[in-house]
Structure formats: C-alpha cells, structure tokens
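Heads up: the structure comes next, in structure tokens.
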Amino acid sequence: MTGWEVIADHYNYYVTIFLMVAGLYIVIARGNMIKKLVGLGLFQTSVYLLYLSPGRIIGGTAPIIDERFSVYSNPLPHVLMLTAIVVGVATLAVGLALVVRISEEYGTIDEDEIFAKDEDQ
Amino acid sequence: MVSFIQGVLLTLLAAVTIAIVRQRNLFGVVILAGIYSFLMASVMIVLDAVDVAMTEASVGAGISTVVLLAALYLTGSREYPSAHTAAVPLFVSAVTAVALIWGTNELPRFGLADAPIHRHVAPSYLEASAKHEMPPNVVTAVLADFRGYDTLGETTVIFTGGVGVMLLLRGRRKRLKSGKEGKEGRA
C-alpha cells in the first residue's frame, strides 16, 4: 500500500483523533466553563465517530432487514452510540446547571477569577 | 477506501472544530457547535448509521443548542483570553494525538466485511432478529428487545440528570430577589 492509500483508508480515524485532541485542548487550555463543556462535547462526539467508522461495510446498507439486501452494517455500535448521545446530553445539562450555580455564587464563570476569589477569602 | 463525500464531510467537520477552538464569542461557539452536530449527523448517514444520525440531529443540534443558549443567557457570553501560556495543553494534546495515530497502524482497513468487528456477535443479532420476527430495523430490535433493560438503565440516567438539574437550579428566583451582596450575575 502506498502512503496515500494508507491515509485514505484511515482518514476517518485521523479526523476522529483530531476532534478528540481538539476537545482535550479546549478542556485543558480554556478557562471559561461553558467553552470547556463544549470541548467535552467535541470529545464525546469524536467517540461516536470512533465507534461508527469500523461498523460500516462498503457495499452494505443500513441495518434494516429487507429481502433485497444481504449485507448490512454492524448494528451494535449504532445501539451503543444512541445510548451515548442521550447520556451525553444529560451530563451536559447537569454541567451547565452547575455552571449557572457557580455564576450565581461567584459572579463569573472564568476559572482563574474563581480561583482568585477563593484565595481572597 | 473512504468515499469522496465522506472525505469532504470529515474535512468540513475538522474545519468547524478549528473555528470552535479559535472563536471567543460564546454565542458563536454555540452556533458552531450546532453546525458541527449537523455535519456529524451527515457523516453518520454516510456511515449507514441512520438511527444515530436522527438522534444526533435532534439531540445534539437541537436540545444541546437550546440548553447551551439558556445557560449563556444566565451567565454571559464573552470568553476572556487565559493568562496562562498554551504551551503545556498543546504539548499534552500533541503527545496524545501522536500516540493515537500510532495506534491506528494496526487497525483493519476501512469498510472491509471480514474485519473482526463484523465476525463476532453482530451476525447472530442480525440472524436472530430476522428469525424471531422482530422489527425489521435491527437497531430497534437490539435496543428495545434484546437489550431492553439497558435502555431502562439509560432512561434512569436521564431521569437522574433531570432531577439533578432541578435540585441545582431550585429556588434560583428567590435567591436572585433576596440579592445578597456580590452575587449579581453578569447577565
């Protein structure tokens, strides 16, 4: 296999890794808590891609049984990721509720300012 | 081999991600996150995951955006540049990326029908759902019939999340009215 073929074969995984690392970077580097939660969301969605990519079969179809088709994609990653999406939005909602409470108590949602106010007390 | 349209969608996804990282206006970030979710849903359709795509479009682009906008309304929508240098986070991210890319070397090629993932339990689920006359959509059959208790657990998680949000935000209006010193929100 030439280099280009390797890249074309693994392009899904490269983009998955990029999304994952971008989410990780936002969570570590950015101080704003809502931005952090969006970064966490990026990290989560990259995991969806990681699971769904190997489930696809070229020449296959979506896993809905019909006598005209014989090759189906793997349905199990789909089931797992349906659960992950729904749980993801639940964690996002709880995280944002915490952010709103923090903003009420501290008047800010920036990490550095919160630490500064904690040290003042 | 990845198809052309899939490559284009994935590249757009990466471009939107760069925009999300660079954007400082949080309203812009939320809208970009919505675009990101719709692109992700399109990629999922290309990957034959139609049920997941539908859920991502409604939950990821719909509910998440609404919840994020509500939180922005209650907190304020400007992100201030951090005082720290970005060197350490960049280094951690780069090392993680290199390790993960190194890990992709041994993965099977994209889209092959004889990859290990397609030869383990998946065929038996496809056969059993056809044999027992379950719903033609195998994802529905697995979710509601084979693994019904897991779905019940998932519902429990959402219920717990909802209760948690309600407990956290309970009495918010009362607190705002009593208005203690130094507790004014930026909104």
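Below, chains carry the letters A, B, ... as their sequence lines are ordered, and counting in each starts from 1.
If you measure heavy-atom distances from A/M20 to chain B, the contacts under 4.5 Å come from the side chain alone. For B/L167, no part sits under 4.5 Å from any heavy atom of chain A, backbone or side chain. The contact between B/A113 and chain A is made by backbone and side chain atoms together, counting heavy-atom distances below 4.5 Å. Interface residue B/V165: backbone and side-chain heavy atoms are both found under 4.5 Å from chain A. Both the backbone and the side chain of A/V100 have a heavy atom closer than 4.5 Å to some heavy atom of chain B. Of the atoms belonging to A/N74, heavy atoms from both backbone and side chain fall under 4.5 Å from chain B. The parts of B/T11 that come within reach of chain A are both its backbone and its side chain, each placing non-hydrogen atoms under 4.5 angstrom from that chain. For a residue to count as touching a neighbouring chain, one of its non-hydrogen atoms must lie under 4.5 Å from one of that chain's; by this rule B/V46 touches chain A with the backbone only. Contact of B/L26 with chain A is made through the side chain alone, with heavy-atom distances under 4.5 Å. Interface remark: B/I20 contributes backbone and side-chain atoms alike to the contact with chain A (heavy atom separation under 4.5 Å).
Interatomic distance, A/I34 CD1 to B/T75 OG1, rounded to the nearest 0.5 Å: 3.5 Å. One distance of note links CG of A/N12 with CG of B/L107; it measures 11.0 Å at 0.5 Å rounding. Here CG of B/L68 is found 5.0 Å from CG of A/L92. Values are rounded to the nearest 0.5 Å. A distance of 9.5 Å separates CZ in A/F18 from CG in B/L13, rounded to the nearest 0.5 Å. Annotation: the span from A/Y48 atom OH to B/M40 atom CE amounts to 8.5 Å, rounded to 0.5 Å. For the atom pair A/I85 CD1 and B/M44 CE, the distance stands at 4.5 Å (nearest 0.5 Å).
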| request: Mind running side-chain contact (heavy atoms from CB on, under 4.5 Å) on A/Y25 and B/V21 for me, showing each step along the way? | output: CA-CA 8 Å; A/Y25 173 79; B/V21 174; 3.9 Å; yes
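No continuous path of hydrophobic side-chain contacts links B/I18 to B/F38 [ILVMFWY only; heavy atoms under 4.5 Å]. Hydrophobic clustering (ILVMFWY, side-chain heavy atoms < 4.5 Å, transitive): B/L12 and B/L47 are in one cluster. No single ILVMFWY cluster, assembled from side-chain heavy atoms under 4.5 Å apart, contains both A/I57 and A/M81. Both A/L80 and A/L82 belong to a single network of hydrophobic side chains, linked directly or stepwise wherever heavy atoms of I, L, V, M, F, W or Y lie under 4.5 Å apart. Hydrophobic clustering of Ile, Leu, Val, Met, Phe, Trp and Tyr side chains at less than 4.5 Å, counting indirect connections, unites A/V27 with A/I102.
Contacts between residues 38-45 of chain A and chain B, defined by a heavy-atom separation under 4.5 Å, are made by A/V38, A/L42, A/T45.
Between A/I65 and B/S129, the closest heavy-atom pair is CD1-OG, 4.0 Å. Residues A/A93 and B/V67 come closest through the heavy atom pair CA-CG1, 4.3 Å. Of all the heavy atoms in A/L96 and B/A71, the pair that sits closest is CD2-CB, 3.7 Å. The two residues A/V94 and B/L168 make their nearest non-hydrogen contact at O-CD1, 4.0 Å. Considering every non-hydrogen atom in both A/L52 and B/A49, the closest pair reads CD2-CB, 3.9 Å. Nearest heavy atoms, B/D48 versus A/R56: OD2-NH1, 3.1 Å.
In terms of heavy-atom pairs under 4.5 angstrom with chain B, the leader among A/L98, A/V79, A/V87 is A/V79. Ranked by heavy-atom pairs under 4.5 Å with chain B, the first of A/V86, A/L24, A/T91, A/D66 is A/V86. Interface summary for chain B: among A/I28, A/V71, A/L49, A/I17, the most heavy-atom pairs under 4.5 angstrom belong to A/I17. Among B/D150, B/T155, B/T96, B/L126, the residue with the largest count of heavy-atom pairs under 4.5 Å with chain A is B/L126. Taking A/L37, A/L76, A/V99 one by one and counting their heavy-atom pairs under 4.5 Å with chain B, the maximum is reached by A/L76. Ranked by heavy-atom pairs shorter than 4.5 Å toward chain A, the options B/V43, B/L90, B/V50 are led by B/L90. Of the listed residues (B/Q23, B/E154, B/H118), the one with the most heavy-atom contacts under 4.5 Å to chain A is B/H118. With chain B as the partner, the residue from A/G60, A/G55, A/A90 showing the most heavy-atom pairs under 4.5 Å is A/G55.
Heavy-atom contacts from other residues, nucleotides or ligands closer than 6.0 Å to OH of A/Y51 number 12 or fewer. Few gaps surround CZ on B/R24; more than 12 heavy atoms of other groups in view lie less than 6.0 Å from it. A 6.0 Å sphere centred on CZ of B/R147 holds no more than 12 heavy atoms belonging to other residues, nucleotides or ligands.
Side chains of A/L19 and B/Y36 form a contact here, defined as non-hydrogen atoms less than 4.5 Å apart. Considering only heavy atoms from C-beta on, B/F110 comes within 4.5 Å of A/I58 through its side chain.
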